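Predicted model only: the values in this text are computed from it and were never measured.
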Amino acid sequence: MRNSLGLNEQQNKAVTAPLGPVLVLAGPGSGKTKTLTARVAYIIEKKMVRPENILALTFTNKAAKEMRSRVAKLLSRFPGAAEKLTMGTFHAVCARLLRSEIPVLGYGRDFVIFDTEDQKKILRDICDELKLDKKFPPSLFSALISRAKNILQTPAELNLGLEEPFASRLQTVYSKYQDALFSQNGLDFDDLLMLMVKILESSPKILAKYQKKFSCILVDEYQDTNPAQYQFLKLLSVHQNVFVVGDDAQSIYGFRGSDIRNILNFESDFPDCQIIKLEQNYRSSQNILAAAQSVIELNSEQKPKTLWTENGVGEKVSIYLAENERAEAEFVAKKIIQLSSPDASAGEELEYEEEPEQNSNSILDRILKSRRMSGRGSDTFRFALLPQLPKKHDSLKEFCVLYRTHAQSRAIEEVLIQAAIPYQIVGGLKFYERKEIKDMLAYLRLILNYRDLVSLKRVINEPARGIGDRSYQIIRDFIVDLSAAGKEVSPQDFIKGFENLEMLPKAFSAAGDFFKILFEISDTEKSAVLPEVMKLMARKMGYDKFLRDGSEMGETRWENVLELLTVAGKFRALPWREAAVALLEEVALLSEIDQKDENRDSVTLMTLHSAKGLEFDNVFFVGLEEGILPHSRSLVEPGELAEEIRLAYVGLTRARKRLFLLLAQSRRIFGQVQVSQPSRVLKVLPLENLQLLGEAKSLFEELEGELTVKKMDY
DNA sequence: AGCGCTCAGCTTTTT
DNA sequence: GCTGAGCGCT
């Protein structure tokens, strides 16, 4: 039964629930996004809530964008309403609020967001400075600091219950780290949440302002919120108008502090809340659903939920046991060709194993390398070298390959390249992580704020200006001293102080020129456009010539820079400084999945984490082996195993029509061949829903004795 | 100061 | 199998 909006009974109940706390427990494929969108439209239209009073928190920027456009469609009678909604990820929304409120903490409004790489560099410097021994690597601190921030502990409040000497070391490092960020006017990802909460907690005036502004709050993927995000919600939602949607069975971000208890305890946090379950699945076939259901049942603590579907039985779930990761990838490629070609026999004649030519590896290497360089998939190069596929029958958009770790993508990529199947990888090496892009952004950050030491270190000698480590340190200390004095230092005073520094003449004059150019560009008239300013910056700094050294690679890199300028052009309506702040923010908060190109007809490769919320007709789930899924690192801590199971559940439920589960008997890990065991996930799959291909039969005969195992002991 | 080489350590997962 | 730190040479 569906109503005029195409909602079923439960969905409709959720959408039209009275204002007040509502928890929607929505299984995979149950129309969660649709419900959320309809709810937003409903409260505007029927409950007369003004769109500017609505805050909707999504898990990715892409989801926010999509939701906004869907709301706009539903609200065609209220033109412009959708634009007034506040929508985005927790991080993006907090960043926006901090742009106006952060001065109360002493930071400047034009703060920059430091990514994990920047963060590590700061921590490395601190560790070096403190001469800590190898027992205390920077990576340890970055994990612990993040953990502390996720539970809203500032250095002063720090209490993670660690043993000595770890606790006191962490105390020192965390506090120095926070000082370093502050003096550079930088925030890390976790600060965005923590500092915003701190402001709300300490300023009743600001708190009241936002409580009033956001009179209705909606949250997607509620199962993946962390304590800081929870506190943010709790503080703002005095009015109790919180509408959260989630599925405890799909909570997969425990490692970054998300707390499944947030969803499990919603009822006690918001008494009198309504709970609505969406259990009808519109996505998958019965076979696929049955397989997924049997996997999630391994977790005894999951809230019981029974998914059902009116969809057909569909094809059985295929299991394929490959000899190694290459054979696994070859199976994927063959199947894709088979299923995407009008001619059913296509793909059969494809033989990859035919002794590879002597130099075929080096060609492959080149292709892979150039893909990483350009970040644009391998299409360009591949088609020059290999014959094209016959006209597709099914769109390649409907195929996806899922894996637990990024490292697994390589084998798949290699074979897809050889088979001339276009693909795109989500995540991994991102466009904005490319060296030339980060360099350009570092220059830009310096222009906005010369105290940004992370950026200074990055580019002061790029291109080489004869400023080595020693000279950098002298300059750094000089800048730190200036900042310690507290007040803003004008460029004139900076240069004056700089003149007194003692260092090698060559470095001295080079650095002097460097800062003069910096200040000069910083002085560009307000109304200038950002891409132009950046172009000028590249030229004056000699960065364009440096990149375009005549090599092919240099040109590719320069093209990447030009692409960055195109992105920068998006903000041309703004004065260049504000545009720069906006650009830096967008780049920092972009999520992996945001970078997926919907328009390209290609197979999608991604991690299970990136796949959450997506669906495909055909899903290849690779590497179902102990040690990979569940990941070996998860086997030590009890709670983590349950998360691996949920991860598997997320993977299985992405498929609409066909699901292929693959595993290899052996695979290379860290360059070493390792024999692998089938994942425990496979052992609980109901045989009647499976189709065992090739060697998989023998595998299941072996397993047969264990097939009765239902609950795991952990 | 800067280049290039070697070796170690490493990877879950991401805003 | 890749990255980045460290070293030695120019």
Would you list the protein and nucleotides 1-5 of chain B atom pairs, both N or O, that sit under 3.5 Å from each other?
residue	atom	partner	partner atom	Å
dG2(B)	OP1	Asn461(A)	OD1	3.4
dG2(B)	OP1	Asn461(A)	ND2	3.2
dG2(B)	OP1	Gly466(A)	N	3.0
dG2(B)	OP2	Asn461(A)	ND2	2.3

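Dashed line: the shortest gap from a side-chain N or O of His406(A) to OP1 or OP2 of dT14(B) is under 4.0 Å.
Among the nucleotides dT15(B), dT14(B), dG1(C), the one closest to any side-chain atom of His91(A) is dT15(B). The listed nucleotides are dT12(B), dT15(B), dG1(C); the one nearest the side chain of Phe189(A) is dT15(B). Counting only heavy atoms from C-beta on, Thr116(A) has its side chain closest to dT15(B) among dT15(B), dG1(C), dA5(C). For Tyr253(A), counting side-chain heavy atoms from C-beta on, the closest listed nucleotide (dT12(B), dA5(C), dT14(B)) is dT14(B).
A donor-acceptor contact under 3.5 Å is not formed by the side chain of Arg256(A) with the base of dT15(B).
Look at His631(A) and the base of dT12(B); the rings stack, centres closer than 5.5 Å and planes less than 30° apart. Both stacking criteria are satisfied for Phe255(A) over the base of dT13(B): a centre-to-centre distance under 5.5 angstrom and an angle between ring planes under 30 degrees.
With sequence neighbours excluded, the residues forming a side chain to side chain contact (heavy atoms under 4.5 Å, CB included) with Ile517(A) are Ile521(A), Lys540(A), Met541(A), listed by chain and number. Taking Phe255(A) as the reference, Tyr253(A), His609(A), Glu643(A) meet the side chain to side chain contact (heavy atoms under 4.5 Å, CB included) condition, with sequence neighbours excluded. Residues passing the side chain to side chain contact (heavy atoms under 4.5 Å, CB included) test with Val581(A), sequence neighbours excluded: Arg99(A), Asp110(A), Leu448(A). Listed by chain and residue number, Phe266(A) satisfy the ring-ring contact (aromatic ring centres under 6.0 Å, His included) test with Tyr222(A) (two or more places apart in sequence, or in another chain). Residues passing the side-chain hydrogen bond (donor to acceptor under 3.5 Å, both in side chains) test with Tyr543(A) are Asp439(A), sequence neighbours excluded.
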